[in-house]
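To start, the structure under review is shown below, and the notes come after it.
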Amino acid sequence: MSILRSHGLYILALVLCHILTFLPLHCSFPVKTHTLNNTPSGKLQSQEKCDLFQGSWVFDNSFPLYDALDCPFIDAGLNCLKNGRPDKDYLKYRWKPDGCDLIRFDGQDFLKRFSGKRIMFVGDSLSSNQWQSLACMLQAAAPSSNYILDSGKALTNLSFPEYGVSVMFLKNGFLVDLVFEEVGKVLKLDSISRSGLWNENDVLIFNSYHWWMHTGKSQTWDYFRVGDQLSKDMDHMEAFKIALTTWAKWVDSNIDPAKTRVFFQGISAVHYHGADWSEPSVRDCSGQTKPLQGSKYPGNRYPGEAIVKSVLTSMTKPVYLLDIALLTQLRKDGHPSNYALGPRDCSHWCVAGVPDACNQLLNTILVQM
Ligand SMILES: *[C@@H]1O[C@H](CO)[C@@H](O)[C@H](O)[C@H]1NC(C)=O
């Protein structure tokens, strides 16, 4: 029932979008500039527009950008190399937008550009996945740095004192509040109180989605609350939309765009059904060693994608959508799979691997902003 309803919402959004194409403000889906001008040197010069998120994966022997065995920041379950994954091609794919090339990542240049600055990923374990990758990319560029790693309950803070750069991960899977009330665990869709560390940053990369998809026993809350209204259940995508709107209001009223660049890390793909990539006989990502070729994914878009885009479009402050859904969908080979030291994992990503490409995208955008 809830799946039907969320698909209904999604289709409604699409239909509305077709009707509203006349009103560019409402449905020009690249939320902020997804496009940028590019020349072979990666400078902003040519008039050619490039959608960074439309492209394909190409084999490139110069990858990975670092050796996972030398990186001290990778969660045990995500270090596929260390955990004995035998195939290595998943380390060697570069994301190639159709109309341009990403800027090759230069960690020294990154550390110097962000001297005196703070970068924070806020969200669930997929934010942590991105943080781990960026931490490795930077540490590999400054191997003799006396970095400081401070791992608290919610905040992980890696700083490079020689550069004055801090790269942080703040665990907050819903962005809105999850609190204990008499009735049980309540997800307060219209309330954000754990934002104390958010606006201290120069770059903020938010993400929330996967926990909203949980149902039944894997659900981490008992009730939803909006104002005085307590509900045992509601459509999870509706709840996600209310929560994301609460977050958007926070950004609109608290962020100073002159100081802080805000990103929303888009929805990251999972690979639990071979039918999604036209291999119905395949159960999940296990044994997958190659990405899908080309730039089309046979499976459905995620219902959350339209919600994220519509909320971001309604905001007054600039938020850049890191629209990684398609590029992660194509990487059925990039998950820890049977090398996760626990249950088979087809939702997180091996580090090194796919998150390095997402950080390379982030860097390309930051350089050109
Ligand atoms: C992160 O660590 C650096 C260096 O120790 C420190 O200056 C900074 O205040 C820390 N950030 C937070 C949010 O605790």
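All ligand and atom numbering here is 1-based and tracks the order in the structure.
Here the protein heavy atom with the shortest distance to atom 5 (O) of ligand 1 is Ser159 OG, 3.9 Å. The protein non-hydrogen atom at the shortest distance from atom 9 (O) of ligand 1 is Arg118 NH2, 3.7 Å.
For Met168, every heavy-atom contact with ligand 1 shorter than 4.0 Å involves the side chain, none the backbone.
Note that atom 11 (N) of ligand 1 has protein non-hydrogen atoms nearby, at separations under 4.0 angstrom.
Salt-bridge check for Lys92 with Asp60: failed, with every basic side-chain N at 4.0 Å or more from each acidic carboxylate O. Contact check on Arg344 versus Asp284 returns a salt bridge, with a Lys/Arg side-chain nitrogen under 4.0 Å from an Asp/Glu carboxylate oxygen. Asp202 has no carboxylate O lying under 4.0 Å from a charged side-chain N of Arg261, or vice versa, which leaves the two without a salt bridge.
Taking the ring centroids of His271 and His335, they lie under the 6.0 Å cut-off.
At least one N or O atom of Asn157, backbone or side chain, sits closer than 3.5 Å to an N or O atom of ligand 1.
Summarising the local packing, CZ of Arg113 is surrounded by more than 12 heavy atoms from other residues, nucleotides or ligands at distances under 6.0 Å.
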